[in-house]
S.K.: 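Got a structure for you, written out below as structure tokens; questions coming shortly.
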Amino acid sequence: MTQEWKSIKECKAFETLSQLAENPVDLTAPDVLTSERVEAFCCKGDIYKLLYSCQQVTEEVLEGLQSLADECGLVKQFAEMRQGAVMNQIQGFSSENRQVLHTACRDIFTNMPACEFATNQARVELEKLNDFLTELDQGYLLNGAGESFQTLIHVGIGGSDLGPRSMYEALQAYADPARQVYFISNVDPDDSARVLSQVDLSRSLVLVVSKSGTTLETLANETIVRTALTDAGLDPGKHCLSVTGESSPMDNPDRYLRSFYMYDYIGGRYSSTSMVGAVMLGFALGYRQLLEFLEGASAMDEAATVPDIRKNIPLLHALLGVWNHNFLGKPSVAVLPYSQALHRFPAHLQQCDMESNGKCVQRNGKPVQLKSGPIIWGEPGTNGQHAFYQLLHQGTEDVAIEFIGFRRSQRGKDQQIQGTTSQQKLMANMLAQSMAFAIGKDDGNPNKCFSGNRVNGILVADQLTPKSMGALLALYEAKIVFQGFCYNINSFDQEGVQLGKILATEILSRMSEKEDEPSLAETFLTVSEMNE
Ligand code: G6Q
């Protein structure tokens with residue numbers, strides 16, 4: 001199986017696509033962006049539609065992208081990943097050498113999951129979580145004073161923070177109003193101090209999330225919160241919960257009121273649907289809505305197995321990204337959700353995508369044959385329109401754009417002002433921007449000219465709910481994985497973050513030996529010595 005892996009550069013269609021990219025369709029030309037094109041370049045899934053008429057693609061380009069997908073076996077590799085193939089590896093070199101099974105966490109709605117053992121493990125953890133949430137709901141699990149827990153403080157960083165936090169922000173409209181969730185991630189003492197000043201610790205659960213159980217920031221923050229509990233006369237053992245890897249240093253049930261497992265076949269940045277996200281989301285949303293979230297993700301995983309790129313949104317989204325980045329040369333991607341609830345989602349994608357596909361070595365240990373993942377960034381619209389869209393419209397950097405929008409608002413509280421609701425204003429702005437980026441505008445005044453051909457696509461669904469959020473998360477996870485396959489890289493390790501961690505640990509150990517804090521210059525010298 002492993003010998004079949006190759007990058008798109010080795011595919012026959014690569015050359016054809018390179019030639020097509022020399023003269024891509026001009027979206028500003030008259031009669032290009034017709035209603036027929038808008039209708040034809042639309043991929044309809046069960047929950048989302050992907051509108052891609054404002055991408056510089058033609059039927060020929062789509063055929064070429066389909067050939068790349070077929071030749072590289074993108075869908076086949078995705079299926080193998082779901083079944084438990086060891087994909088987190090670099091052949092011939094030491095590497096994590098693991099399966100990649102985040103999809104198994106949500107493959108619970110069938111009797112025939114793609115990877116039975118992993119889904120069974122997910123089911124065991126979900127049962128434990130359901131029991132725990134029932135105890136909380138029915139008042140069997142109370143604080144020392146016999147009161148219910150109202151707050152959960154989620155302590156974790158990186159993959160143990162960004163995904164869960166962005167999911168919580170996205171779904172807060174569906175949370176139990178009597179329950180609050182706070183997050184502490186940064187080792188900056190102001191982060192923990194801010195949260196601790198806002199909560200009633202006596203009615204707080206503290207969820208410490210660390211797959212490795214060794215992360216410096218998380219362990220420091222756990223200690224700070226435990227000290228605060230003790231100082232308040234509370235027993236940390238009756239307030240602290242954990243999510244960690246089996247047999248990690250944090251796998252110690254004596255220290256925690258309840259412990260949940262995540263497994264080494266789930267990467268941190270892909271872990272939002274594992275216990276890493278599920279415990280906090282279950283507390284906030286309740287078990288039933290947690291299942292809806294997982295169901296949306298599971299449905300999208302299934303949708304990602306269809307070989308026809310015009311019927312598979314994650315695959316098409318991935319290939320359009322590759323077309324923009326590797327053939328048209330767009331260096332970065334702006335993810336622009338027209339939904340305030342998704343305000344942290346670009347930050348999650350930044351990690352998920354850039355930590356996965358920011359690599360320069362192929363799975364065979366050789367240098368990559370083409371540029372790997374692009375720079376990912378973004379902010380919600382319409383706010384961004386009043387900030388950085390100037391560069392997107394008229395700047396010299398040519399950024400590919402991914403809009404995300406919903407027909408209906410989450411909370412349904414809206415008002416007609418000057419004949420339209422705010423939701424209509426939001427959607428109108430998104431569509432207007434998409435069109436303006438594509439067609440541009442000629443003007444006698446060069447300062448008022450818009451070149452157009454600023455490529456963009458729109459993902460649209462009816463409403464942002466637990467189910468559609470789960471689907472959106474899985475859509476992007478699959479997109480990232482497909483792009484990694486295109487580059488023939490390992491999208492599941494993160495060696496690039498190790499060096500800084502090692503050096504910081506070394507500096508800290510030297511700092512703890514010295515009585516006086518070393519100057520910055522001394523510290524830099526220490527680092528360069530260590531690096532020699
Ligand atoms: C994600 C990365 C990284 C990781 C954090 C936290 O894919 O591996 O962001 O999630 O470093 O790690 P722990 O969960 O082990 O504390």
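One-based numbering, in listed order, for ligands and for the atoms of each. All heavy atoms count here, side chains included; hydrogens, waters and symmetry mates do not. Note that the structure is a prediction, hence the values are computed from the model and not measured.
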S.K.: Taking only heavy atoms of Ser210 into account, list the atoms of ligand 1 that are under 4.0 Å away from them.
M.R.: 13 (P), 14 (O), 15 (O), 16 (O)
S.K.: What is the nearest protein non-hydrogen atom to atom 12 (O) of ligand 1, stated with its residue, atom name and distance?
M.R.: Thr215 OG1, 3.5 Å
S.K.: Provide, to 0.1 Å, the distance between atom 4 (C) of ligand 1 and the closest protein heavy atom, together with that atom's residue and name.
M.R.: Gly159 N, 3.8 Å
S.K.: For atom 11 (O) of ligand 1, what's the nearest protein heavy atom and its distance?
M.R.: Lys501 NZ, 4.0 Å
S.K.: Using the test ring-ring contact (aromatic ring centres under 6.0 Å, His included), find all partners of Tyr174 that sit at least two apart in sequence or belong to another chain.
M.R.: none
S.K.: Between the main-chain N or O of Thr244 and the side-chain N or O of Asp251, is there a donor-acceptor pair closer than 3.5 Å?
M.R.: no
S.K.: Closer than 4.0 Å to some heavy atom of Gln494 - which atoms of ligand 1 meet that?
M.R.: 7 (O), 8 (O)
S.K.: Donor-acceptor pair, distance only, cut-off 3.5 Å: does the side chain of Ser271 make one with the backbone of Ile266?
M.R.: no
S.K.: For residues Tyr476 and Asp353, is any side-chain donor paired with an opposing acceptor at under 3.5 Å?
M.R.: no
S.K.: Gln351: heavy atom below 4.0 Å from ligand 1, yes or no?
M.R.: yes
S.K.: Provide, to 0.1 Å, the distance between atom 15 (O) of ligand 1 and the closest protein heavy atom, together with that atom's residue and name.
M.R.: Ser212 OG, 2.6 Å
S.K.: Would you call the rings of Phe485 and Phe482 parallel, tilted or perpendicular, where under 30° means parallel and over 60° means perpendicular?
M.R.: perpendicular
S.K.: Within the structure, does Thr218 bring an N/O atom to less than 3.5 angstrom of an N/O atom in ligand 1?
M.R.: no
S.K.: Got the closest protein heavy atom to atom 5 (C) of ligand 1, with its distance?
M.R.: Ile157 O, 3.5 Å
S.K.: Of all the non-hydrogen atoms in the protein, which one sits nearest to atom 2 (C) of ligand 1, and at what distance?
M.R.: Glu355 OE1, 3.3 Å
S.K.: Counting only heavy atoms not in Leu234 (residues, nucleotides, ligands), do more than 12 fall under 6.0 Å from its CG?
M.R.: yes
S.K.: Would you list the pairs meeting ring-ring contact (aromatic ring centres under 6.0 Å, His included) in which at least one residue belongs to residues 183-231, sequence neighbours left out?
M.R.: His154-Phe183, Tyr168-Phe183
